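Heads up: the structure comes next, in structure tokens.
All chains are named by letter (A, B, ...) in the order of the sequence lines, taking the proteins before the strands, and each is independently numbered beginning at 1. Computed from a predicted structure; not experimentally measured.
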2 protein chains.
Amino acid sequence: MSLEIIKTKLKEAGMKITPQRIAVLQALTGNKHHPTADDLIKTIWKVHSNISAGTVYHILNTLVSKKVIGKIETADNVVRYDPNMEKHHHLYLSDKHEIVDFFDDKLNGIIMDYLTKNNELDNINIEDVKIQIIGKVRKPQTGTSKYDK
Amino acid sequence: MSLEIIKTKLKEAGMKITPQRIAVLQALTGNKHHPTADDLIKTIWKVHSNISAGTVYHILNTLVSKKVIGKIETADNVVRYDPNMEKHHHLYLSDKHEIVDFFDDKLNGIIMDYLTKNNELDNINIEDVKIQIIGKVRKPQTGTSKYDK
DNA sequence: TATTAAATAGGAATTATTCCTAATTAGAAA
DNA sequence: TTTCTAATTAGGAATAATTCCTATTTAATA
């Protein structure tokens, strides 16, 4: 994510543009995976050794509350952050403890259709549906999957 | 859950039957919601003030690893426990910060069918699919929903 | 460039959880 | 029933993640 886009995102969220916030977003969007706060702090300190850990936590919370980034809860209960705010789901590779984004608009549609027809949920205003697929890469084919390293 | 059922569950899991384990399972199954470890410790201490907190954590971890109970990750990132091991999903009432069980075998089938046909997941051995529905009870009808108090 | 509310640094405090070790105990075997 | 032993527990210390506190700094506005 370019510096300009980062600045635009911060402005759109009504947040002041600070070097600390830029550093957090750069560290987060430069990362293909879904880093923890601690991962981000370490990444940031390689370049800006003077940014305080408390500030990183604070910035992450603000970014989540302003919906600039996402926060995900994993099977092993570690808080991770997600730069991608487009609607998507997560595939947990249970053997590798890795999270992969999974985009599928059609699936969203199927589930929403089904749920809105469900009597039990008549009185519920559905805001979001999240799907977590837990699985492993099949062994015999190791090395051929797009999810392999 | 009766004492006899609790004892049977522990035996089936290959676990010794101890008063501490019985207390944890009684506290967990007597609770309609999805308590945190701390909730359970407080509940247990009302009756057995001598059971150590560390022991409760240890027992909960053992029960989860033996699949006697479930562990759920919530939006506010607190670990909660679930006595029900039947396949089910969770409805998060975002205004009440409450979790409600949601059983729907048909939905499971629809999703599994769809996913197994998805090329992207060809190399993934799907172990489980969890759905989190996030929503609110509709306001005008408050008092008429089965999810209302 | 002056002003001020917002943001940050740095460290202490808090919270949830795990770890450690000695003492106890459940269940198997005699 | 009693004995034995590995498993379990108590109690508290240690750890890890996160929040809180307060003085200082700074970004954006006028």
Side-chain angles (χ1 to χ4, degrees), chain A residues 3-4 6-28 34-45 47-66 68-69 71-81 97, chain B residues 3 6-28 34-45 47-66 68-69 71-81:
Chain A
L3 185 58
E4 275 319 303
I6 287 175
K7 286 184 180 174
T8 306
K9 286 210 175 196
L10 288 173
K11 265 184 203 156
E12 283 172 355
M15 295 172 69
K16 286 186 183 174
I17 293 164
T18 68
Q20 293 85 348
R21 283 171 174 175
I22 291 170
V24 168
L25 282 175
Q26 280 176 336
L28 182 55
H34 301 77
T36 62
D38 195 56
D39 292 336
L40 290 168
I41 290 165
K42 281 174 185 152
T43 303
I44 289 167
W45 279 354
V47 187
H48 316 270
S49 53
N50 52 329
I51 293 181
S52 136
T55 298
V56 174
Y57 275 102
H58 187 244
I59 289 173
L60 287 168
N61 286 339
T62 309
L63 289 170
V64 170
S65 72
K66 304 271 186 184
V68 178
I69 66 173
K71 183 175 179 177
I72 52 186
E73 294 87 40
T74 69
D76 47 359
N77 242 90
V78 180
V79 182
R80 292 177 177 276
Y81 294 91
H97 296 280
Chain B
L3 185 58
I6 287 176
K7 286 184 179 174
T8 306
K9 287 211 172 196
L10 288 172
K11 266 185 203 157
E12 282 172 356
M15 295 172 69
K16 284 186 182 173
I17 293 164
T18 69
Q20 292 86 347
R21 284 171 172 171
I22 291 170
V24 168
L25 283 175
Q26 280 176 334
L28 182 56
H34 300 77
T36 63
D38 194 56
D39 291 336
L40 291 169
I41 289 165
K42 281 174 184 151
T43 303
I44 289 167
W45 279 354
V47 186
H48 316 270
S49 53
N50 53 328
I51 294 181
S52 136
T55 298
V56 174
Y57 275 101
H58 188 246
I59 289 173
L60 287 168
N61 286 341
T62 309
L63 289 170
V64 170
S65 72
K66 303 272 186 184
V68 179
I69 66 172
K71 183 175 178 176
I72 52 186
E73 294 87 40
T74 69
D76 48 358
N77 244 90
V78 180
V79 183
R80 292 178 176 275
Y81 295 91

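Of all nucleotides in DNA chain C, those with any atom nearer than 4.0 Å to a heavy atom of chain A start and finish, going 5' to 3', at C:dA5 to C:dG10.
With contacts defined as side-chain heavy-atom distances shorter than 4.5 Å, the pair A:Ile51/A:Val24 does not qualify. In this structure the side chain of A:His34 never reaches within 4.5 angstrom of the side chain of A:Asp39, judged on heavy atoms.
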Derivation and outcome, side chain to side chain contact (heavy atoms under 4.5 Å, CB included), residues B:Trp45 and B:Asn50: CA-CA 7 Å; B:Trp45 279 354; B:Asn50 53 328; over 6 Å; no

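For B:His48, the NE2 atom counts as densely surrounded, since its 6.0 Å shell holds more than 12 non-hydrogen atoms of other residues, nucleotides or ligands.
Rounding to the nearest 0.5 angstrom, the gap separating the CG atom in A:Leu28 from the CG atom in A:Leu63 is 8.0 Å. A:Thr36 OG1 to A:Ile41 CD1: the interatomic distance, rounded to the nearest 0.5 Å, is 8.0 Å.
When each of A:Met15 and B:Asn50 is assigned the nucleotide of DNA chain D with its nearest heavy atom, B:Asn50 is the one assigned upstream, toward the 5' end. With DNA chain D read from its 5' end, the first of the two nearest nucleotides for B:Val56 and A:Asn61 is the one closest to B:Val56. If B:Lys11 and B:Ala37 are placed on DNA chain C by their nearest nucleotide, the residue sitting closer to the 5' end is B:Ala37.
Picking from D:dA27, D:dT18, D:dA10 the nucleotide with the shortest atom distance to the side chain of A:Lys16 gives D:dA27.
At a threshold of 4.0 angstrom between heavy atoms, the contacts of A:Thr55 include nucleobase atoms, whether or not backbone atoms are also involved.
As a whole-Å value, the separation of B:Ile44 CD1 from D:dA10 P is 10 Å. Whole-Å rounding puts the B:Tyr57 OH to D:dG11 C1' distance at 15 Å. One can place CD1 of B:Ile41 at 11 Å from P of D:dA10, the figure rounded to the nearest angstrom. Rounded to whole Å, the distance from NZ on A:Lys7 to P on D:dA27 is 11 Å. Here D:dT18 presents its C1' atom at 13 Å from NE2 of A:His58, a figure rounded to the nearest Å.
A sub-4.0 Å separation between OP1 or OP2 of D:dA10 and a side-chain N or O of B:Gln20 is present. Of the side-chain N and O atoms in B:Ser52, none sit less than 4.0 angstrom from OP1 or OP2 of D:dT9.
Every side-chain contact (heavy atoms from CB on, under 4.5 Å) that A:Thr18 has, sequence neighbours left out, goes to A:Lys16, A:Gln20, A:Arg21.
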